[in-house]
Structure formats: C-alpha cells, structure tokens
Trainee: 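This is the structure I have questions about; it appears just below.
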Amino acid sequence: MKILITGGAGFIGSHLAEYFNENYEVFILDNLSTGHRSNVSFIDETHFIKNDITNKSLIQELINKEKFDIIIHLAAVVSVVETIDNPILSQKVNIDGTLNLLEANKQYNSNLKKFIFASSAAVYGNTELLPQKIESFIDPESPYAIEKYTGEQYTKLYNKLYGLPTTALRFFNIYGPRQDPSSPYSGVLSIMNSKFYHNESFTFFGDGKQTRDFVYIKDLVQAVSIVINCEESNGKIFNLGTGNQLSLLQMFEEFEKIYDKTIDYEFTEPRSGDIKYSYAQIEGLNKLGYNPKYSAQEGLKEYINYTNNA
Ligand SMILES: NC(=O)c1ccc[n+]([C@@H]2O[C@H](COP(=O)([O-])OP(=O)(O)OC[C@H]3O[C@@H](n4cnc5c(N)ncnc54)[C@H](O)[C@@H]3O)[C@@H](O)[C@H]2O)c1
C-alpha cells in the first residue's frame, strides 16, 4: 500500500511518516519551507519529492504514476500571521494546492482509498459556545481560518460530487517532539519547553487563563490511523482534540513539576484575534473508536524527555 504525506517533513507529518513507514510504502512531498529533511531521514531519496503542492503538473504526474492508496494532506502555510500578511500567497498554497491534489485524484486515481485533509480549530474563531462542535457557528478570524475552512469544504464536496473517499480533521493544539519553537507564533508548548530548557523568561499574552485543547502527537497518530481504515468517515469532518481544556498557567505548572524548577515569566497585552477558551467535542471520532490516551502530564513528560535527550 502506497501512502503520500504532503508536508511530511514537518512536525506532524514526520510522526505520521514514522508510524506508517512500518507497514506502508511512504512517499513525502514537501518544499521544506518550514519542514526539515532531517525529520524524515528514514525516507530515502526516491520516496522524498522536494517540490510544491502548487506545482499542478507535477502533482498530476505523481498521482497518475503512483496511484496512491492513501493521501494525508498536511502541506500548508501554517503561520496565521503569514496568511494575514500575504493572503494571496497563502490562498495559492492552502486552497489552490488542496484543489490540485483533489482534482488530480479525481482524474487519475481510482485506486484511492482515503484522502485526509488537515483542517484546524481556527475555523471556529472566537465562539463562546463550548465545547466546539462540528455544527458550531463558524467564524474565521484570519485568512488561515478561511483557507482551512475552504479546504475542508472542498474535501467534503469531492466526496459528495465525485465519490472521493475524503475526510477532514479539525486539529486542535497538537504538541510533541520536532515542533519548531523558533517563531513567536509557534505552538505555545514548544516555546514554553524551549524557555524552560534554556532558563529563559516566558511571556504570557494576556492573563494566562486562556485555555486550549492540547493533543499529544501520538493521540493524533492514533486518530489518523483509525480514520484511514474507516469507510464510515468518508465525506465527513471531525474534531481532533482530547475533549479537555487546560489553561496556559496550568501547563506552565506542569512544566515546573517535570523540570523540578521554575523560570521567570511576565504578562503582556493579549494578542489581537487570540481566542480565549477552546476545547473540542470529540464524540464523532469517539464513535469510530478513538480514545485519547495521553494526559497533559504524560504527554509533556514524554515530550520533554525526548527533547532533552535528542
Ligand atoms: N500543529 C498544530 O497544532 C496544528 C493545528 C491545526 C492544524 N494544523 C495543520 O496541520 C498541518 C501540519 O502542521 P505542522 O504543525 O506539522 O506544521 P509544519 O510547518 O511543521 O509542517 C508543514 C509542512 O508543510 C510543508 N509545506 C509548506 N508549504 C508547502 C508547499 N507549498 N508545498 C509543499 N510542502 C509545503 C513545510 O515545509 C512543512 O514541512 C498543517 O496543515 C497545519 O495547518 C496544525
């Protein structure tokens, strides 16, 4: 069975590649804009395509040639700020790139068994109704959120109109090894971890009481592996969270316990557009057999252990 992971050299993609490499022939398509070749050194050159999902002819040729059984589409402009600065460029990648893949599969790949699209909890925006449900009001607050919403709707529509076996997953806050802490807009736990590791001061935007549904990467891998084998999920959209919310202050305390020390911290103005509270209703994936296994303590322990021994 052949599986293509777009954006496979990034944080989430590299974990999926590692997991599926056991039983599948894994191909990666990545332009290395935020990902790293070293994240997937176990993938040989013939299975690593350094290219861009906006390259329509390359996508057509690749899909036509390999006729993948499974496609996990993660490649995207992932920085919300970058999409605010340059929405025309980000829509080319996040919407047109997604359409390139869907269209090429429609035309050239009747062998396709599953196409997974990485959507985001960002589509909900600042809704006050919690937990966020698939049928909750959608209120995108950035080009990123609009592009993710458009991508997931196209993914769903290609099932309805053309029978493609597609599923979209709205990822909540995923964390784990290989998440890049280098930008101030990176996953907040990767920044917190880096500050603890280097004994530097951490800045809370706002009062630190904002909550998120933090998902350890291995729980995401579990969810994706369930969806891949589940025809029932075709044409559907699911939240991928844990169903629990924790505040940034609570996560900071967990870091203190695991590192057995504290670091300086300060509070500054909340960032505009940042949402206050967020957590997922995960009934949909639960019904398919998904059961998140990692508590915040367990996930963070494994993450910190890995990072500090890498
Ligand atoms: N990390 C999270 O908490 C989170 C939450 C919601 C949604 N997501 C989505 O999950 C997916 C993976 O995110 P991640 O956290 O692993 O980010 P990441 O930046 O580590 O991975 C993205 C990968 O896509 C590649 N890429 C970007 N543009 C490309 C293009 N035009 N052509 C080919 N490759 C390209 C990058 O080089 C990188 O390897 C993204 O679609 C992201 O929007 C992530």
Side-chain angles (χ1 to χ4, degrees), residues 1-8 10-29 63 67-76 98 101-102 105-106 109 111-124 131-136 148-149 151-160 162-176 213-243 279-294 299:
M1 293 262 270
K2 287 182 182 177
I3 180 163
L4 172 69
I5 306 178
T6 74
F11 156 51
I12 293 174
S14 64
H15 287 274
L16 289 168
E18 201 173 4
Y19 177 81
F20 288 114
N21 205 33
E22 300 279 312
N23 297 309
Y24 290 80
E25 187 181 356
V26 176
F27 290 73
I28 287 177
L29 172 68
I63 305 281
K67 309 222 181 296
F68 298 102
D69 297 276
I70 289 164
I71 296 183
I72 304 176
H73 174 34
L74 306 168
T98 300
L101 284 156
L102 287 167
N105 277 287
K106 178 187 132 200
N109 190 8
N111 183 48
L112 186 70
K113 295 173 187 68
K114 180 62 81 180
F115 182 104
I116 293 187
F117 175 73
S119 186
S120 167
V123 300
Y124 295 113
Q132 286 138 341
K133 302 179 186 157
I134 291 301
E135 58 276 13
S136 292
K148 284 292 174 188
Y149 186 65
E152 63 169 44
Q153 294 302 315
Y154 264 126
T155 303
K156 190 175 158 189
L157 197 63
Y158 266 67
N159 175 262
K160 201 170 175 186
Y162 313 115
L164 251 65
T166 59
T167 306
L169 299 172
R170 289 181 184 159
F171 296 172
F172 278 64
N173 287 65
I174 319 299
Y175 70 98
D213 189 335
F214 293 106
V215 186
Y216 190 56
I217 184 70
K218 285 194 180 163
D219 280 329
L220 176 141
V221 172
Q222 184 210 145
V224 170
S225 65
I226 288 172
V227 168
I228 272 175
N229 294 304
C230 174
E231 270 188 41
E232 214 186 299
S233 65
N234 290 349
K236 300 207 174 107
I237 300 171
F238 298 94
N239 279 337
L240 204 176
T242 65
Y279 76 103
Q281 196 227 51
I282 57 167
E283 224 171 58
L285 277 187
N286 280 158
K287 281 189 188 145
L288 304 182
Y290 165 69
N291 207 347
K293 299 220 169 2
Y294 283 82

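Throughout, numbering of the chain's residues begins at 1 and tracks the sequence. Since the structure is predicted, the reported quantities are computational estimates derived from the model, not experimental observations.
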Trainee: State the CD-CD1 distance between E152 and I237, to the nearest 0.5 angstrom.
Mentor: 4.0 Å
Trainee: List, one per line, each side-chain donor-acceptor pair under 3.5 Å for residues 220-236, sequence neighbours excluded.
Mentor:
from: Q222; atom 1: OE1; to: N291; atom 2: N; distance (Å): 3.0
from: Q222; atom 1: NE2; to: N291; atom 2: O; distance (Å): 3.0
from: S225; atom 1: OG; to: V221; atom 2: O; distance (Å): 3.3
from: S225; atom 1: OG; to: Q222; atom 2: O; distance (Å): 2.8
from: N229; atom 1: ND2; to: S225; atom 2: O; distance (Å): 3.0
from: S233; atom 1: OG; to: K114; atom 2: NZ; distance (Å): 2.7
from: S233; atom 1: OG; to: T167; atom 2: OG1; distance (Å): 3.3
from: S233; atom 1: OG; to: C230; atom 2: O; distance (Å): 2.6
from: N234; atom 1: OD1; to: K114; atom 2: NZ; distance (Å): 2.5
from: N234; atom 1: ND2; to: E231; atom 2: O; distance (Å): 3.4
from: K236; atom 1: NZ; to: E232; atom 2: O; distance (Å): 2.7

Trainee: Show, in sequence, the C-alpha distance, side-chain angles and deciding distance for K218 and Y19, and conclude whether the side-chain contact (heavy atoms from CB on, under 4.5 Å) test is met.
Mentor: CA-CA 9 Å; K218 285 194 180 163; Y19 177 81; over 6 Å; no
Trainee: Check ring-ring contact (aromatic ring centres under 6.0 Å, His included) between F172 and all other residues, then give those that pass, not counting sequence neighbours.
Mentor: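 Scan of F172 (ring-ring contact (aromatic ring centres under 6.0 Å, His included), adjacent residues dropped) gives none.
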Trainee: For L74 and L16: C-alpha separation, side-chain torsions, deciding distance, then whether side-chain contact (heavy atoms from CB on, under 4.5 Å) applies.
Mentor: CA-CA 10 Å; L74 306 168; L16 289 168; 4.0 Å; yes
Trainee: Should N109 and F115 count as side-chain neighbours, where that means a heavy-atom distance under 4.5 Å?
Mentor: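 No. Closest side-chain heavy atoms not under 4.5 Å.
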Trainee: Who passes salt bridge (Lys or Arg N to Asp or Glu O under 4.0 Å) against K160, sequence neighbours left out?
Mentor: none
Trainee: K2: which residues meet the salt bridge (Lys or Arg N to Asp or Glu O under 4.0 Å) condition with it, sequence neighbours left out?
Mentor: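 Listed in chain order: E66.
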Trainee: In Å, rounded to the nearest 0.5 Å, how long is the span from CG of N21 to CD1 of I3?
Mentor: 10.0 Å
Trainee: Can you list the residues that meet the ring-ring contact (aromatic ring centres under 6.0 Å, His included) rule with Y149, with sequence neighbours excluded?
Mentor: none
Trainee: Tell me whether K148 contacts the main-chain N or O of A118 through its side chain, where contact means a donor paired with an acceptor under 3.5 Å.
Mentor: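 Checked: pair present.
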Trainee: Apply salt bridge (Lys or Arg N to Asp or Glu O under 4.0 Å) to K156 and list each qualifying residue two or more places apart in sequence or on a separate chain.
Mentor: none
Trainee: Can you run down the salt bridge (Lys or Arg N to Asp or Glu O under 4.0 Å) pairs that involve residues 17-27, sequence neighbours left out, and say none if there aren't any?
Mentor: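 As it turns out, the salt bridge (Lys or Arg N to Asp or Glu O under 4.0 Å) pairs with a partner in residues 17-27, which skip direct neighbours, are E18-R178.
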Trainee: Only counting residues at least two apart or in another chain, list the ones meeting side-chain contact (heavy atoms from CB on, under 4.5 Å) with A17.
Mentor: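 Counting only residues at least two positions away or on another chain, A17 forms a side-chain contact (heavy atoms from CB on, under 4.5 Å) with I5, V26, I28, V40, F42.
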Trainee: Is a donor on one side and an acceptor on the other found under 3.5 Å between the side chain of D69 and the backbone of L112?
Mentor: no
Trainee: Would you say the side-chain atoms of Y24 pair up with the backbone N or O of L4, donor to acceptor, closer than 3.5 Å?
Mentor: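 Side chain of Y24 to backbone of L4: no pair is present.
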Trainee: How far apart are the closest heavy atoms of T6 and H73, and which atoms are they?
Mentor: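 For T6 and H73, the tightest heavy-atom pair comes out as OG1-ND1, 2.7 Å.
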Trainee: How would you list, by chain and number, every residue that makes a side-chain contact (heavy atoms from CB on, under 4.5 Å) with A122, sequence neighbours excluded?
Mentor: S120, Y144, A145
Trainee: Is atom OH of Y154 surrounded by more than 12 heavy atoms (other residues, nucleotides or ligands) closer than 6.0 Å?
Mentor: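 Atom OH in Y154 is not crowded, with 12 or fewer foreign heavy atoms closer than 6.0 Å.
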Trainee: Working to the nearest 0.5 Å, report the span between CD1 of I63 and CG of L102.
Mentor: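 Separation between the atoms: 9.5 Å.
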Trainee: Residues two or more places apart in sequence or in another chain: which of them pass ring-ring contact (aromatic ring centres under 6.0 Å, His included) with Y158?
Mentor: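 Per chain and number, Y158 pairs via ring-ring contact (aromatic ring centres under 6.0 Å, His included) with Y162.
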Trainee: Go through the structure and list residues passing salt bridge (Lys or Arg N to Asp or Glu O under 4.0 Å) with K287, not counting sequence neighbours.
Mentor: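 Result, salt bridge (Lys or Arg N to Asp or Glu O under 4.0 Å) vs K287: none returned.
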Trainee: Any chance you could measure N286, atom CG, to Q281, atom CD, to the nearest 0.5 Å?
Mentor: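 Between atom CG of N286 and atom CD of Q281 there are 8.5 Å.
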Trainee: About how many Å separate CZ of F214 and CD1 of I174, when rounded to the nearest 0.5 Å?
Mentor: 11.0 Å
Trainee: Which pair of non-hydrogen atoms, one from A75 and one from G7, has the smallest distance, and what is that distance?
Mentor: CB-N, 3.6 Å
Trainee: Just wondering, are more than 12 heavy atoms of other shown residues or ligands nearer than 6.0 Å to NZ in K113?
Mentor: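 Yes.
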Trainee: Please name all residues satisfying ring-ring contact (aromatic ring centres under 6.0 Å, His included) with F11, sequence neighbours left out, ordered by chain then number.
Mentor: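 So F11 forms a ring-ring contact (aromatic ring centres under 6.0 Å, His included) with H15.
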Trainee: Does T166 use its side chain to pair, donor to acceptor, with the backbone of T155 at less than 3.5 Å?
Mentor: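 It does hold such a pair.
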Trainee: For a quick test of reading the model, state the closest non-hydrogen atom pair linking A280 to P131 and the distance between them.
Mentor: C-CB, 3.8 Å
Trainee: Say whether D213 and T242, considering side chains only, have a donor N or O and an acceptor N or O under 3.5 Å apart.
Mentor: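 Side chains of D213 and T242: pair found under 3.5 Å.
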Trainee: Please determine whether side-chain contact (heavy atoms from CB on, under 4.5 Å) holds for the pair N111 and F68, giving the CA-CA distance in whole Å, both sets of side-chain angles, and the decisive distance to 0.1 Å.
Mentor: CA-CA 7 Å; N111 183 48; F68 298 102; over 6 Å; no
Trainee: Take Y290 and D219 through the test side-chain contact (heavy atoms from CB on, under 4.5 Å) and record every step on the way to the result.
Mentor: CA-CA 9 Å; Y290 165 69; D219 280 329; 4.0 Å; yes
Trainee: So, taking the atom named CD in Q132 and the one named CD1 in I134, what distance separates them when rounded to the nearest 0.5 Å?
Mentor: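 It is 10.0 Å, given to the nearest 0.5 Å.
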